[in-house]
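To find a chain, count down the sequence lines: A is the first, B the second, and so on, and within it residues start at 1. Computed from heavy atoms alone, side chains included, the values below leave out hydrogens, waters and symmetry copies.
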Amino acid sequence: MRILVIGFWLLVISSFAVRSVYSVDATKSATQDLLDRVATKVAGLASKLRRVYTGKIKSAGTNSYVVTTIDGDKTISTNDVTSFYRIRSGNRTEVNFKSLKPGDDIAAIGTVDPNTTEMSAKQITAKIKRFNIVGTIKSIDKTIYIIQGVNGPLTKIDLSDAVSLKMINIKNQIVPASLENFKQGDLIFAIGYMSDPSSEILSVLKAINLLK
Amino acid sequence: MDKEKIITIVIGLGVGILAAAIYFFASSYLPSKLQGEKKTTFTPTPNLQSPISNNQLVIDKPENHSSTTISPITVAGTTMPGAKLILFANADEKIASADAQGKFSIDTKLEDGENEISVTAFDNQGNVTVVKRNVTLEITQ
């Protein structure tokens, strides 16, 4: 009988011992879970603070630029880990802080301080600003086309140096085209750049006639 | 009280504690399936996605003024069911159609740095809607 009683008590004690071991594991698991959640939150926050500023450099300081963006002037600070690139004719060159000057069009990727909106840049890329326009051809004068934009203004474009002219055929395929395929009244899409801002003519790199 | 009664009480207490301990242990650590499926209640929520009317185009992704390290990316959104779409970007151009629900998904290549992606939708009445997205491709070595 005594053995039976001792056996029962041993069972009770061992069950509590097992319970306490599991409790330690549970605590570890809870801690890990908490750490995972914190890491996820931090990553989410960093992702939210990650931004792109695009615009023209207004001024340059010792290690920062002021850039005119569509949301106003923004300060972009750089540091030892910031990488700088310039892209010309599709080729990229790694450059440095001093290579980028006021007037350059840049895209900066980095994290933004939500209070000051100042960006700490991870990468800055400079290239000639491209403009997209969609509109109807109003008139044609040799290679200069006047486009009535879908969303507003008239734009002069020059198709003489376009490297890619395309159209949509009756099979709904995009195929190569020539200037003759771009006629008055056609709806077109063009990507170009301002080679001379004073002329207000967009030099088109590629265009597509959207009408079949 | 004789010795046998005391032993019986002690045994009874021991069995009770053991049973309580086992119950507590089992409820804490056994997988939920062994304990029976938990009852889940669903609160019906209204479909907040309003139907796209004519001459509308919504781009769900990518976000405007966002960055990525991957090319190609997927441009996805909603427009009129069956509408024709043309995507035009610095490094790509594509034609696509929206499905019966008006949803579309088009992959497009990006070039280094800033890319402006324009998506044009044409409805049956000949209306044209254009939505642009500015996406910067981060240069990775």
Side-chain angles (χ1 to χ4, degrees), chain A residues 1-2 4-5 7-9 11-12 15-16 18-19 22-23 25-26 50-54 69-71 83 85-87 90 92 94 105-110 122-127 129-136 149-151 164 166 168 172-174 187 189-191 205-208 210, chain B residues 3-4 6-8 10-25 28-29 63-69 84 86-97 111-120 122 126-141:
Chain A
M1 195 65 176
R2 189 176 288 173
L4 197 64
V5 172
F8 267 117
W9 279 113
L11 257 175
V12 171
S15 74
F16 276 106
V18 169
R19 170 82 176 85
Y22 274 93
S23 292
D25 282 354
R50 189 179 162 89
R51 289 278 183 282
V52 176
Y53 283 162
T54 57
T69 73
I70 53 167
D71 298 319
S83 54
Y85 293 95
R86 186 180 287 283
I87 296 164
R92 71 167 184 247
E94 188 153 13
D105 282 300
I106 63 162
I109 302 168
K122 183 186 175 199
Q123 188 172 97
I124 299 179
T125 312
K127 68 178 184 185
K129 174 74 179 168
R130 304 278 178 83
F131 295 92
N132 282 14
I133 65 158
V134 189
T136 307
V150 166
N151 300 321
S164 167
K166 299 215 171 149
I168 299 166
N172 230 13
Q173 295 163 325
I174 295 174
L187 181 69
F189 212 127
I191 295 178
L205 293 166
K206 56 188 278 188
I208 185 168
L210 301 176
Chain B
K3 198 177 175 181
E4 255 186 38
I6 293 170
I7 290 168
T8 310
V10 169
I11 289 169
L13 278 171
V15 170
I17 291 167
L18 182 64
I22 289 168
Y23 176 75
F24 184 70
F25 172 79
S28 299
Y29 292 101
E63 278 184 44
N64 203 15
H65 298 289
S66 59
S67 67
T68 180
T69 55
K84 288 279 174 289
I86 296 173
L87 179 147
F88 204 57
N90 298 34
D92 212 353
E93 58 262 349
K94 292 274 177 68
I95 294 180
S97 297
E111 61 179 27
D112 289 342
E114 189 184 0
N115 292 260
E116 193 163 88
I117 301 164
S118 299
V119 180
T120 310
F122 300 84
N127 294 315
V128 179
T129 314
V130 184
V131 175
K132 294 179 183 179
R133 285 285 181 269
N134 194 304
V135 180
T136 299
L137 178 62
E138 185 178 337
I139 297 165
T140 50
Q141 295 302 323

| Residues Arg50(A) and Glu138(B) bridged, charged N to O under 4.0 Å | yes
| said: Please rank Thr54(A), Ile87(A), Asp105(A) by heavy-atom pairs under 4.5 Å with chain B and give me the top one. | reply: Thr54(A)
| note | Tightest non-hydrogen contact, residues Lys166(A) and Glu93(B), listed as NZ-OE2, 2.5 Å
| query | Is chain B contacted by the side chain of Ile174(A), its backbone, both, or neither, given a heavy-atom distance below 4.5 Å? | reply | both
| said: Can you tell me which portion of Ala207(A) sits under 4.5 Å from chain B's heavy atoms? Options are side chain, backbone, both or neither. | reply: backbone
| request: State whether the number of non-hydrogen atoms from other residues, nucleotides or ligands found under 6.0 Å of Lys122(A) atom NZ is greater than 12. | output: no
| note | Given Asn115(B), Asp112(B), Ile117(B), the one with more heavy-atom pairs under 4.5 angstrom with chain A than any other is Asp112(B)
| query | Do the numbers put Lys206(A) on top of the ring of Phe88(B), so that NZ or CZ is under 6.0 Å from the six-membered ring centre and no more than 45° off the axis? | reply | yes
| request: Heavy-atom pairs under 4.5 Å with chain B are the metric here; pick the option from Ile191(A), Val52(A), Ile70(A) that has the most. | output: Val52(A)
| task | Take Arg130(A) and Glu111(B) through the salt bridge (Lys or Arg N to Asp or Glu O under 4.0 Å) test and state the conclusion after the steps. | result | CA-CA 12 Å; Arg130(A) 304 278 178 83; Glu111(B) 61 179 27; 3.3 Å; yes
| field | Per-residue contact mode, Lys127(A) against chain B (heavy atom under 4.5 angstrom) | value | side chain
| query | Does any heavy atom of chain A fall under 4.5 Å from the side chain of Ser118(B), the backbone, both, or neither of them? | reply | both
| note | Bottom line for Phe189(A): the part with an atom under 4.5 Å from chain B's heavy atoms is both
| query | Is there a side-chain contact between Ile139(B) and Thr69(B), using heavy atoms and a 4.5 Å cut-off? | reply | no
| said: Return the CD1 to CZ distance between Ile106(A) and Arg86(A), rounded to the nearest 0.5 Å. | reply: 10.5 Å
| Thr140(B) versus chain A, the contacting section by heavy-atom distance below 4.5 Å | backbone
| message | Is Asn134(B) close to chain A through its backbone or its side chain, or both, or neither, when contacts mean heavy atoms under 4.5 Å? | response | side chain
| message | Taking the side chain as everything from C-beta on, heavy atoms only, tell me whether Thr68(B) gets closer than 4.5 Å to Thr136(B). | response | no
| query | Relative to chain B, which of Ile124(A), Leu205(A), Thr125(A) shows the most heavy atom pairs under 4.5 Å? | reply | Thr125(A)
| query | Among Gln123(A), Glu94(A), Lys129(A), which residue forms the greatest number of heavy-atom pairs with chain B at distances under 4.5 Å? | reply | Gln123(A)
